[in-house]
Amino acid sequence: MTESSANKPANGEVCHRPKNGIKPGRNGFVKNHHHYHHQQPKHCYPEDKAQHTSYNGGLGLYNRPFNESFEETPLLVAVLTYMGYGILTIFGYLRDFLRDWKIERCHIAREREEQRDFVPLYQDFENFYTRNLYMRIRDSWNRPICSVPGAKVDLVERVSHDYNWTFDYTGRVVGGVINMGSYNYLGFAENTGYCAEAAAEVTMKYGVGVASTRQEMGNLDRHEEMEALVAKFLGVESAIAFGMGFATNSMNIPALSGKGCLILSDELNHASLVLGARLSGSTIRVFKHNNMQSLEKMLRDAIVHGQPRTHRPWKKILILVEGIYSMEGSIVRLPEVIALKKRFGAYLYLDEAHSIGALGPAGRGVVDYFGLDPRDVDVMMGTFTKSFGAAGGYIGGRRELIDYLRVHSHSAVYATSMSPPVVEQIITSMKCIMGEDGTTLGRERVKRLAENTVYFRRKMTEMGFIIYGNSDSPVVPMMLYLPAKIGAFGREMLKRNIGVVVVGFPATPIIESRARFCISAAHTKDMLDTVTTPRQPPTPGHKMAAVTLFQLDLSSKNKHL
């Protein structure tokens, strides 16, 4: 979710933030507790009945507490962060000056002297950030692993002798690194067990590749079985699967929306949703993240004013939201979004890439989490790349919608079919979650993930760290703020056999750099305690002992600097 011009409000609105040091959940509240008390839906949790008010007639829309917290960046930290980027920028221009005068070697691709008069292939200024800022901490990303991305991984050790421009591999493997970065929410990314055995058996029968599209010679019986199972799992009439999760959004939104249509997109939507909206040719307007006031205002204006210049009614209004936002750890306010889309006659496109399998008592995603009717969501999109440990994506909904996509979706018509062992991994893991394998293993994994999420978030909060997102989200962003902390945090954690993902600008706002932890059902309590329990630092010459975030003294509420 990159902060780019495409993610800015297109209607002239600016996302204003409060000045009191607290982010009000990006929706006007610091913490919100919504409870269902009205007519109870079919899939709700009866033990969570209570009464509380919320915005937009939300009284009774929620059947469980909805707790999200976003703490505003402290003023002093924001100033120091801008100063840090400013210093890096100044030194970057100085280094570029030295490179122009051949005093310092330039490693990045540049035009040849004899081609200076031609149209440039490389934009020097656009690569300024890459040359002078990203390269300083490039070693924090793209680390190659040589094992299954389970609860622990093995990393291939690499070193750089030219300040991260190139890497050399030492041949040594760093084993047993606690994996806090992979989207392995339910622990199905494994090479042993029922799923792996079934995938291996199918590989022997069908091979690895299909070498054709679904509409030609690439439609297997396993594909049909998988799509029927996905529809049953989601509780919808029909479903269609695609070989790539990114393309599921970017290639199907243009098939659903076009010229004369209006797309209302959350400002923190994933790049695949942004690209799909752009390719559709529709008018795009961006509402503030999870802000129902902003969404309602745009819907009302769209109905009242219609299309620009002609003021004709919009052919279609499509709302794009995600289940769990992977950089913020927040959960969409789906009951309120559904209430608004019904009120104004819009369509809802729900991206459940991170929420399917990871939320809800049955692991059926954010719809299951809120106890809502799946039929209230017009387009249910998700991926198999995370909770299912496979690859690809899907769209579920009414049968007419799916039949339309089979004919008009570029991803369905032109893309090669999903690999048979990947399909089998999806089928077996989904049956496990549904309990159709004759065991309770799937339900136990869903329950363990929820328990691990609550436990880890509580421990992080007790240690004094600033963490973002919903209390039930397995995505746990921990704020770092200062640019120097991004690389330092990733390196120091790896020294202690803990693998984390660090994120900075432009993937996040410039003053909100963070480390992102992804909790898994495969994590044991001991693993989580290793990350969150203070211990003595390792002594030289001895094996690196497990350490915690507390020792690194990063991003503490009491010690921002």
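Using a cut-off of 4.0 Å between Lys/Arg side-chain N and Asp/Glu carboxylate O, R445 and E190 are scored as salt-bridged. Taking 4.0 Å as the cut-off between side-chain N and carboxylate O, D403 and R399 do not count as a salt-bridged pair. Under a 4.0 Å N-O distance rule, the pair E227/R214 qualifies as a salt bridge. A salt bridge between R457 and D472 is absent, with no side-chain N of the basic residue lying under 4.0 Å from a carboxylate O of the acidic one. Under the 4.0 Å criterion applied to side-chain N and carboxylate O atoms, K205 and E201 are not assigned as salt-bridge partners. Salt bridge present: K232 and E436 bring a charged side-chain N and a carboxylate O closer than 4.0 Å. Between E451 and R448, no side-chain nitrogen of the basic residue sits less than 4.0 Å from a carboxylate oxygen of the acidic one, so the salt-bridge criterion is not met.
At least one cation-pi condition fails for R158 and Y169: the charged atom is not both under 6.0 angstrom from the six-membered ring centre and inside a 45 degree cone around its axis.
Side-chain contact check for S182 and N179: at least one donor-acceptor pair (N or O, by modelled atom type) lies under 3.5 Å. Defined by atom type and a distance below 3.5 Å, a donor-acceptor pair is missing between the side-chain atoms of N290 and Y325. Judged purely by distance below 3.5 Å, without hydrogens or angles, the side chains of N452 and H523 never pair a donor atom with an acceptor atom. A donor and an acceptor atom, one from each side chain of S257 and S282, are located under 3.5 Å apart. In the model, D526 has no side-chain atom that pairs as donor or acceptor with a side-chain atom of T524 under 3.5 Å.
Put simply, the side chain of K152 reaches to within 4.5 Å of the side chain of M527, judged on heavy atoms. A heavy-atom distance below 4.5 Å is found between the side chains of L273 and I253.
Identified under the ring-ring contact (aromatic ring centres under 6.0 Å, His included) test for residues 187-216, with sequence neighbours left out: none.
Here the options are M327, R516, E512, the test is side chain to side chain contact (heavy atoms under 4.5 Å, CB included), and the partner is Y468; only E512 passes.
A search for side-chain hydrogen bond (donor to acceptor under 3.5 Å, both in side chains) contacts involving S355 returns E352, not counting sequence neighbours. Not counting sequence neighbours, R458 has no partner by the side-chain hydrogen bond (donor to acceptor under 3.5 Å, both in side chains) test.
Taken from OG in S272 to CZ in F246, the straight-line distance is 5.0 Å, to the nearest 0.5 Å. Rounded to the nearest 0.5 angstrom, T428 OG1 and K431 NZ are separated by 8.5 Å.
Aromatic rings from F517 and F456 are positioned such that their centres are separated by under 6.0 Å.
Between P374 and V236, the shortest heavy-atom contact is CB-CG1, 4.2 Å.
With H223 contributing its side chain and M418 its backbone, the two residues share a donor-acceptor pair below 3.5 Å.
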